[in-house]
**Student:** 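Okay, handing you the structure first.
In what follows, chains carry the letters A, B, and so on, assigned in the order in which the sequence lines appear, proteins first and then strands, with residues in each chain numbered from 1. Model, not experiment: these values are computed from the prediction.
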Number of protein chains: 2
Amino acid sequence: MEPGHTAVTNTQLHEPSRCQIVSGVLARIGDKWSVLVVMQLGAGSRRFSELKRAIGSISQRMLTLTLRGLERDGLVTRTVTPSIPPRVDYELTELGRSLLDPVQAIGSWAIGNHEKITVAQQAFDARGD
Amino acid sequence: MEPGHTAVTNTQLHEPSRCQIVSGVLARIGDKWSVLVVMQLGAGSRRFSELKRAIGSISQRMLTLTLRGLERDGLVTRTVTPSIPPRVDYELTELGRSLLDPVQAIGSWAIGNHEKITVAQQAFDARGD
DNA sequence: CTGGATCCCAAATGATACTG
DNA sequence: CAGTATCATTTGGGATCCAG
């Protein structure tokens, strides 16, 4: 079994103590932007403005904050090239890349099922009037 | 390949349009409680008060709201037994159970790596003073 | 027991202006 | 270009009370 993929049986996963850990990590990477940024960086190193353009709807402020958080968690590295104009590149660390697998699992699920969700929502809203 | 696991290559996953879908789904199930509730229900049907006790820190209000959201998205069913006192059971739908796999992948990653994250945070905070 | 309705506070985010 | 600082706004979520 790979490092970073410690043996944890699924039945252990809803034990209270484990849940708190999962909850904590989720509170961190489960915000509005982190996963989007990680997915972008999954394609390779990107500079600040590239990320901003790729994600589009994110504000400069939130991109900065998100990147700081990810850097603090050891998921991305920040490389400054002191040129004029300055250039800052972000890249996933090994830990960050290891996150890519579960994130892509969620991504695939989302793409495969968002339609069903939309249908369910419409049905629910129709019932409720 | 299984239904609900549509072929989506990982390289497609950071295309803008796909990202928006992933972002949307994540905004829904990526809140503070949904995943916790789904994980609890992964162990089987539970009634309202059982969920509340199992999760512990959640308020009555947020549990209600979270369950409504999950029900609306077609991820859980709500079954009312009109007894006195009333009894309401929640259970994952097939769609909800299909979400369990990627969620558990995240959970396993979280449990396997939260220590590294803590270490990285401490190192970051120490550098920054 | 379940959960709706209110009130209220804290945190998250956006908009904008400014700087090396 | 890549931020920082500030302000305004929205949102999340707890507390409490009430009802079937």
**Student:** OP1, OP2 of D:dA2 versus side-chain N and O of A:Arg47: anything below 4.0 Å?
**Tutor:** yes
**Student:** Between B:Arg68 and C:dG4, does any side-chain N or O lie under 4.0 Å from OP1 or OP2?
**Tutor:** yes
**Student:** Quick one: B:Arg28 CZ to D:dG12 C1', roughly how many Å, whole number?
**Tutor:** 13 Å
**Student:** Let me know the distance between CG of B:Leu65 and C1' of C:dT6, rounded to the nearest Å.
**Tutor:** 13 Å
**Student:** Rounded to whole Å, please give me the gap between CG in A:Leu51 and C1' in D:dC1.
**Tutor:** 13 Å
**Student:** Might you confirm whether atom CD of A:Glu50 has over 12 heavy atoms from other residues, nucleotides or ligands at distances under 6.0 Å?
**Tutor:** yes
**Student:** Between C:dG3, C:dG20, C:dC1, spot the one nearest the side chain of A:Pro86, thanks.
**Tutor:** C:dG20
**Student:** When you match A:Gln60 and A:Ser57 each to their closest nucleotide on DNA chain C, which lands nearer the 5' end?
**Tutor:** A:Ser57
**Student:** Are A:Ile29 and A:Leu75 close enough that some pair of their side-chain heavy atoms sits under 4.5 Å apart?
**Tutor:** yes
**Student:** Rounded to the nearest Å, what distance is computed from the CE atom of residue A:Met62 to the C1' atom of nucleotide D:dT4?
**Tutor:** 14 Å
**Student:** If I take atom CD1 in residue A:Ile84 and atom P in nucleotide C:dG20, what distance separates them, rounded to the nearest angstrom?
**Tutor:** 13 Å
**Student:** If I take atom CG in residue A:Leu67 and atom C1' in nucleotide D:dG3, what distance separates them, rounded to the nearest angstrom?
**Tutor:** 11 Å
**Student:** Name the closest nucleotide to the A:Arg61 side chain, picking from C:dC1, D:dG13, D:dA5.
**Tutor:** D:dA5
**Student:** Want to settle it: does A:Ser59 or B:Val88 sit nearer the 5' end of DNA chain C, counting the closest nucleotide to each?
**Tutor:** B:Val88
**Student:** A:Leu63 vs A:Leu67, test: side-chain contact (heavy atoms from CB on, under 4.5 Å). Steps then yes/no.
**Tutor:** CA-CA 6 Å; A:Leu63 181 54; A:Leu67 287 167; 3.8 Å; yes
**Student:** Atom CZ of A:Arg72 and atom CD of B:Gln122: how far apart are they, to the nearest 0.5 Å?
**Tutor:** 9.0 Å
**Student:** Would you say A:Tyr90 places a side-chain N or O within less than 4.0 Å of OP1 or OP2 belonging to D:dG3?
**Tutor:** yes
**Student:** In whole angstrom, give the distance that lies between atom CG of B:Asp31 and atom C1' of D:dG13.
**Tutor:** 11 Å
**Student:** Considering just the side-chain nitrogens and oxygens of A:Lys32, establish if one lies under 4.0 Å of OP1 or OP2 belonging to C:dG14.
**Tutor:** yes
**Student:** For B:Glu50 and C:dC1, what is the distance between atoms CD and P respectively, to the nearest whole Å?
**Tutor:** 11 Å
**Student:** Measuring from atom OG1 of B:Thr118 to atom CG of B:Asn113, what distance do you get when rounded to the nearest 0.5 angstrom?
**Tutor:** 10.5 Å
**Student:** Could you pick out which residue, A:Thr64 or A:Pro85, lies toward the 5' side of DNA chain D when each is mapped onto its nearest nucleotide?
**Tutor:** A:Pro85
